[in-house]
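Reviewing the structure listed below.
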Amino acid sequence: VQLQASGGGLVQAGGSLRLSCVASGNIFSINVMAWYRQPPGKQRELVAVIAPGGDTNYKDSVKGRFTISRDDAKKSAYLHMSSLKPEDTAVYYCAANIVVLSTNGEYDYDYWGPGTLVTVSS
């Protein structure tokens, strides 16, 4: 199983970006999907999370500016970011809890994508 994130780049403050994350491989189902970020010199932090039923939760500083969504048919999650600020600059990571099938049954694991850089200039 692999996660691949895309959509990062350089944007001016106040602009928008849409990140995409696609899961591939031996996937039976996908539980929670989430976006994390790691600003320069800081620790990784949770930005947004979405449950299989669509319930969402956000880091306080991005509420009202970021929207997480998912498309289970495409095994994908998205993060639409608007009104971007320089402090949103970070490497953004997609993560998901994915159920895989094996000869011994179903197991769920946490997977991470390699990250995509978002740079917001002032």
Side-chain angles (χ1 to χ4, degrees):
V1 174
Q2 290 186 328
L3 293 179
Q4 184 63 50
S6 62
L10 175 63
V11 64
Q12 287 189 334
S16 299
L17 278 177
R18 183 177 184 250
L19 304 183
S20 299
C21 173
V22 180
S24 61
N26 180 29
I27 298 170
F28 178 72
S29 64
I30 302 177
N31 294 325
V32 170
M33 303 187 80
W35 288 94
Y36 288 75
R37 69 185 182 188
Q38 187 166 14
K42 297 183 179 180
Q43 293 195 346
R44 193 173 299 188
E45 58 189 16
L46 178 63
V47 175
V49 60
I50 185 166
D55 288 343
T56 58
N57 203 1
Y58 296 90
K59 178 180 174 62
D60 283 346
S61 63
V62 308
K63 286 180 180 178
R65 300 189 297 121
F66 290 12
T67 302
I68 188 171
S69 60
R70 61 190 289 166
D71 184 334
D72 289 333
K74 295 182 179 179
K75 299 182 176 64
S76 297
Y78 308 95
L79 186 67
H80 186 263
M81 306 182 293
S82 61
S83 302
L84 282 161
K85 304 175 181 180
E87 51 263 43
D88 294 319
T89 294
V91 177
Y92 283 73
Y93 297 90
C94 173
N97 182 264
I98 296 176
V99 179
V100 299
L101 289 177
S102 73
T103 55
N104 297 324
E106 301 173 10
Y107 296 92
D108 65 282
Y109 300 96
D110 292 333
Y111 293 92
W112 291 81
T116 184
L117 177 62
V118 172
T119 303
V120 184
S121 63
S122 57

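In this text the structure is predicted, and so the values were computed from the model without any measurement.
For R70 (side chain) and K75 (main-chain N/O), no donor-acceptor pair under 3.5 Å exists by modelled atom type.
Clustering ILVMFWY residues whenever any of their side-chain heavy atoms sit less than 4.5 angstrom apart, transitively, puts L3 in the very cluster that holds L19. In the hydrophobic clustering of ILVMFWY residues, with side-chain heavy atoms under 4.5 Å counting as a link, V11 and L79 come out together. Cluster annotation: Y78 is not connected to W35 through the hydrophobic network of ILVMFWY side chains, with a link wherever side-chain heavy atoms come within less than 4.5 Å.
Residues L10 and S121 come closest through the heavy atom pair CD1-CB, 4.3 Å. The minimum heavy-atom distance between L46 and A34, with the atom names listed, is CD1-CB, 4.0 Å. Looking at every heavy atom in both residues, I30 comes nearest to A96 through CG2-CB, 4.2 Å. The two residues V1 and N26 come nearest to each other via the heavy atoms CG2-O, 3.9 Å.
With salt bridges taken as basic N to acidic carboxylate O contacts below 4.0 Å, none links K74 and D72.
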Exercise. Yes or no on side chain to side chain contact (heavy atoms under 4.5 Å, CB included) for V118 and L17, after CA distance, side-chain angles and deciding distance?
Worked result: CA-CA 9 Å; V118 172; L17 278 177; 3.8 Å; yes
Problem set entry | Stepwise side chain to side chain contact (heavy atoms under 4.5 Å, CB included) check, I98 with D108 | CA-CA 5 Å; I98 296 176; D108 65 282; over 6 Å; no
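Pairs of residues two or more places apart, or lying in two chains, that qualify as disulfide bond (SG atoms under 2.5 Å apart) and include a residue from residues 10-110 are C21-C94. Every pair tested for ring pair (Phe, Tyr, Trp, His ring centres under 6.0 Å) that includes a residue from residues 51-73 fails, sequence neighbours excluded, so the list is empty. For residues 31-78, there are no disulfide bond (SG atoms under 2.5 Å apart) pairs, not counting sequence neighbours. Legend: ring pair (Phe, Tyr, Trp, His ring centres under 6.0 Å) pairs involving residues 94-122, not counting sequence neighbours, sorted by first then second residue: Y36-W112.
How far NZ of K59 is from CG of N57: 11.5 Å, rounded to the nearest 0.5 Å. If you take CG on L117 and CD on Q38, they are separated by 11.5 Å, rounding to the nearest 0.5 Å. Remark: T67 OG1 to I50 CD1 distance equals 10.0 Å, nearest 0.5 Å.
Remark: Q4 pairs with P114 by the side chain to side chain contact (heavy atoms under 4.5 Å, CB included) rule, at least two apart or across chains.
Open room surrounds NZ on K42; 12 or fewer heavy atoms of other groups in view lie less than 6.0 Å from it.
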Can you give each donor-acceptor pair under 3.5 Å made by side-chain atoms of residues 80-92, sequence neighbours left out, with the distance rounded to 0.1 Å?
from: S82; atom 1: OG; to: R65; atom 2: O; distance (Å): 2.8
from: D88; atom 1: OD1; to: R37; atom 2: NH1; distance (Å): 3.0
from: D88; atom 1: OD1; to: R65; atom 2: NH2; distance (Å): 3.0
from: D88; atom 1: OD2; to: R65; atom 2: NH1; distance (Å): 2.7
from: D88; atom 1: OD2; to: R65; atom 2: NH2; distance (Å): 3.4
from: D88; atom 1: OD2; to: K85; atom 2: N; distance (Å): 2.8
from: T89; atom 1: OG1; to: P86; atom 2: O; distance (Å): 2.9
from: T89; atom 1: OG1; to: V120; atom 2: N; distance (Å): 2.9
from: T89; atom 1: OG1; to: V120; atom 2: O; distance (Å): 3.4
from: Y92; atom 1: OH; to: R37; atom 2: NH1; distance (Å): 3.0
from: Y92; atom 1: OH; to: D88; atom 2: O; distance (Å): 2.6

